[in-house]
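This report concerns only the one structure given below.
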Protein chains: 2
Amino acid sequence: MSKIKKISFKVNSYEYIKPFRIAPGTSLSTNNLEVILETEEGYVGFGEATPSFRVTGERIEALIPLESPINELLKGKDTKNFRRLFELIDKFFAFPSLKTALQYAILDALSEEIKLPVYQILGGGKEEIETDKTVSVGSIEERVKEAEEIFKEGFRVIKIKVGLNLYEDIEAMEEIAKRTKGATYIVDANTAYTPKQALIFTKELYKRGIDIALLEQPVSAHDLEGLKYVRFNSAFPIAGDESIKNRYDALRAIKMEAVDYINIKLMKCGISDALSMVELANTANIKLMIGCMGESSLGINQSIHFSAGLGVFEFHDLDSALMIKEDKFRGKYRIKIPYYIPN
Amino acid sequence: MSKIKKISFKVNSYEYIKPFRIAPGTSLSTNNLEVILETEEGYVGFGEATPSFRVTGERIEALIPLESPINELLKGKDTKNFRRLFELIDKFFAFPSLKTALQYAILDALSEEIKLPVYQILGGGKEEIETDKTVSVGSIEERVKEAEEIFKEGFRVIKIKVGLNLYEDIEAMEEIAKRTKGATYIVDANTAYTPKQALIFTKELYKRGIDIALLEQPVSAHDLEGLKYVRFNSAFPIAGDESIKNRYDALRAIKMEAVDYINIKLMKCGISDALSMVELANTANIKLMIGCMGESSLGINQSIHFSAGLGVFEFHDLDSALMIKEDKFRGKYRIKIPYYIPN
């Protein structure tokens with residue numbers, strides 16, 4: 001038996017090294033909730049919730065008072081029966097970032113006890129994963145400069161945020177492609193284009209001979225029809241992110257043939273839903289990427305172990321901990337740019 | 001590291017205690033392939049393949065010569081990275097029973113090493129599962145007698161094979177329902193009805209006030225449209241078995257809205273596909289049962305640990321090892337009729 005003794009919540013605030021800008025807004029800092037889970041045998045598991053008000057409607061203020069009901073729900077339960085605990089935690093579907101932090105903390109405590117890293121509890125799919133790094137929205141010059149810096153740092157996949165000005169986005173892409181030859185590009189509009197703007201964007205890139213690996217969430221989160229329209233008319237693969245928050249959204253998108261890729265973010269759905277989404281996508285021949293919100297090394301750790309464990313993600317967009325100021329590194333992984341090696 | 005040193009195959013033959021009769025034919029014995037997997041550290045994992053020529057086209061004669069290529073594929077690989085090994089084994093999709101035996105033997109060896117039962121590696125969803133026991137096809141009198149015996153033995157879910165004579169099937173059901181009050185019934189036609197016969201069957205039961213938990217595979221394996229027709233016109237839930245062999249079949253059936261239940265059998269698909277099917281069904285609100293072919297205690301062990309680990313199956317039809325003669329019990333579970341308790 002590996003009974004849960006106590007679960008504690010702690011708020012940690014981090015500043016971004018420089019403001020992180022995407023089409024819907026700018027972040028200067030991130031407030032994350034640390035979850036500390038102790039078992040009666042003295043094993044401790046950690047998790048982190050990074051609620052996204054914009055994407056899932058969650059507020060950290062609303063997570064904090066859940067410490068007591070969560071303790072009532074999980075105290076005395078055995079971490080070895082983690083699927084049973086995941087199912088209990090799934091009732092908190094309105095708090096998906098908390099679901100992840102709790103579900104991961106259970107796996108982390110179990111991992112300490114059985115001396116098997118979480119990525120191997122999940123199947124040890126890969127030894128290491130490669131992350132991209134992100135260029136914020138900004139002027140053409142700012143974006144080109146940032147992309148060049150990222151490329152020089154050793155990242156080979158560059159994520160470029162777009163959506164504030166269609167024609168500047170196209171110019172920025174052309175300039176970046178010239179200055180970072182050999183890089184792979186993931187472009188993310190974070191819901192900011194109309195379906196027709198998205199098509200102009202992809203057609204212009206195609207015409208100019210600029211290749212991108214995928215265009216993420218070109219249109220409004222609730223416009224699955226628009227997403228499908230873009231997918232069926234774009235030469236480049238289309239990924240759903242804000243439109244696909246949980247396993248049910250994933251099944252609906254698959255049934256509608258709305259996307260080429262699903263961007264799974266643990267903060268949108270929890271480990272339990274993410275496991276379903278992986279199996280759904282694999283079965284339906286839909287490709288996968290994994291993304292993040294504003295996680296510190298403690299939270300990014302979760303996505304590194306999850307994606308390495310499953311071993312099926314084409315792209316890993318797990319750069320938030322590289323963009324914030326942290327006093328202490330908390331991950332159970334090593335960084336060897338552009339790789340993360342879980343341990 | 002937990003490297004695979006050697007994988008050996010061994011054929012075991014078992015006789016049925018009494019002939020096992022279903023609509024498509026009768027079995028007197030079953031030939032199973034035992035898989036023994038040894039690691040360099042001396043841990044040993046066991047698996048069993050029960051190929052079903054009728055359902056998946058597999059022949060045991062064709063599995064035996066695969067020992068050498070399987071050793072070439074897996075020797076030196078780490079059992080802790082089981083998802084990576086599952087993916088390699090998935091290439092042997094034409095040999096799904098062998099996939100299961102190999103994938104399970106990997107988990108079993110890992111389980112011995114990390115001292116965690118397989119059902120807990122898979123998540124420890126349930127402490128115990130309840131099995132049904134099966135009434136073969138036969139005369140009305142034979143079936144009633146067998147059902148009464150099963151009920152007296154302590155089983156509360158009785159599976160009844162039908163499909164050779166529609167009107168006798170209805171009479172048999174009526175008589176069984178009278179003599180085993182309080183039992184739950186799973187009825188299995190093993191593809192033998194036409195869609196319209198299946199509707200007559202369900203309508204007659206309904207009219208006579210006989211309640212059944214589900215009707216399994218009423219129509220031909222390839223007739224998904226027929227399955228859907230029966231589902232949409234029957235008062236009782238309809239399960240797909242022969243029609244749903246792997247994860248791709250499951251997704252197709254879900255998209256077509258062809259079934260209420262999926263009967264997962266590890267011998268049809270391997271552990272890897274079964275994991276996908278569980279997540280697909282859960283997401284799509286389709287219920288699950290787990291079934292078997294002619295597994296001995298060694299093979300039934302696999303389905304007990306799988307279904308207890310996932311913890312999401314409504315019905316467990318895992319009675320084959322109760323129906324064959326075995327010199328030695330090989331399961332890592334206890335039997336307390338009607339329960340199995342994995343250990």
Side-chain angles (χ1 to χ4, degrees), chain A residues 1-2 77-88 90 103 106-107 110-111 113-117 119-127 246-257 269 271-286 307-312 342, chain B residues 1-2 77-88 90 103 106-107 110-111 113-117 119-127 246-257 269 271-286 307-312 342:
Chain A
M1 295 294 278
S2 321
K77 301 282 197 305
D78 191 342
T79 57
K80 283 182 179 150
N81 298 326
F82 58 87
R83 281 209 181 245
R84 233 176 292 177
L85 307 197
F86 283 11
E87 210 185 325
L88 293 175
D90 278 345
Q103 293 177 339
I106 288 165
L107 293 178
L110 177 60
S111 159
E113 180 170 355
I114 65 173
K115 317 292 177 218
L116 192 68
Y119 86 98
Q120 286 185 313
I121 294 178
L122 294 173
K126 280 183 182 168
E127 288 302 334
N246 54 42
R247 62 183 118 192
Y248 309 107
D249 291 341
L251 180 59
R252 194 178 311 126
I254 287 169
K255 280 187 177 171
M256 283 186 61
E257 306 172 39
C269 65
I271 310 276
S272 46
D273 274 59
L275 283 169
S276 294
M277 291 161 85
V278 163
E279 300 292 349
L280 276 164
N282 278 349
T283 303
N285 199 31
I286 300 298
S307 58
L310 279 296
V312 293
Chain B
M1 295 292 278
S2 322
K77 302 282 197 304
D78 190 341
T79 56
K80 283 181 180 153
N81 299 326
F82 58 86
R83 280 209 181 243
R84 233 177 292 180
L85 308 196
F86 283 11
E87 209 184 326
L88 294 174
D90 277 345
Q103 292 177 339
I106 288 166
L107 293 178
L110 177 60
S111 158
E113 182 171 353
I114 64 173
K115 317 292 177 216
L116 191 67
Y119 86 97
Q120 287 185 312
I121 293 179
L122 294 173
K126 281 183 181 169
E127 289 301 334
N246 53 44
R247 62 183 117 191
Y248 309 106
D249 291 342
L251 181 59
R252 195 178 310 126
I254 287 169
K255 280 186 178 172
M256 283 186 60
E257 306 172 38
C269 65
I271 310 277
S272 46
D273 274 59
L275 282 169
S276 295
M277 291 161 85
V278 163
E279 301 293 349
L280 277 164
N282 277 350
T283 304
N285 200 30
I286 300 297
S307 57
L310 279 295
V312 294

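Below, chain A is the first sequence line, B the second, and so on; all start at residue 1.
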Tell me whether B:R83 contacts the main-chain N or O of A:G124 through its side chain, where contact means a donor paired with an acceptor under 3.5 Å. no

Mind checking the [atom1]-[atom2] spacing from [X] to [Y]? Nearest 0.5 Å is all I need.
X: A:L251; Y: B:T283; atom1: CG; atom2: OG1; result: 6.5 Å
X: B:N282; Y: A:L275; atom1: CG; atom2: CG; result: 11.5 Å
X: B:L116; Y: A:L116; atom1: CG; atom2: CG; result: 9.0 Å
X: A:K115; Y: B:E113; atom1: NZ; atom2: CD; result: 14.5 Å
X: A:I121; Y: B:Q120; atom1: CD1; atom2: CD; result: 11.5 Å

Output yes when B:E87 and A:K126 qualify as a salt bridge under the 4.0 Å nitrogen-oxygen rule, no when they do not. no

Does the side chain of A:L280 come within less than 4.5 Å of B:E279's, by heavy atoms? no

Check against salt bridge (Lys or Arg N to Asp or Glu O under 4.0 Å), B:R84 and A:E127: CA-CA 10 Å; B:R84 233 177 292 180; A:E127 288 302 334; 3.2 Å; yes

What part of B:L122 lies closer than 4.5 angstrom to a heavy atom of chain A: side chain, backbone, both or neither? backbone

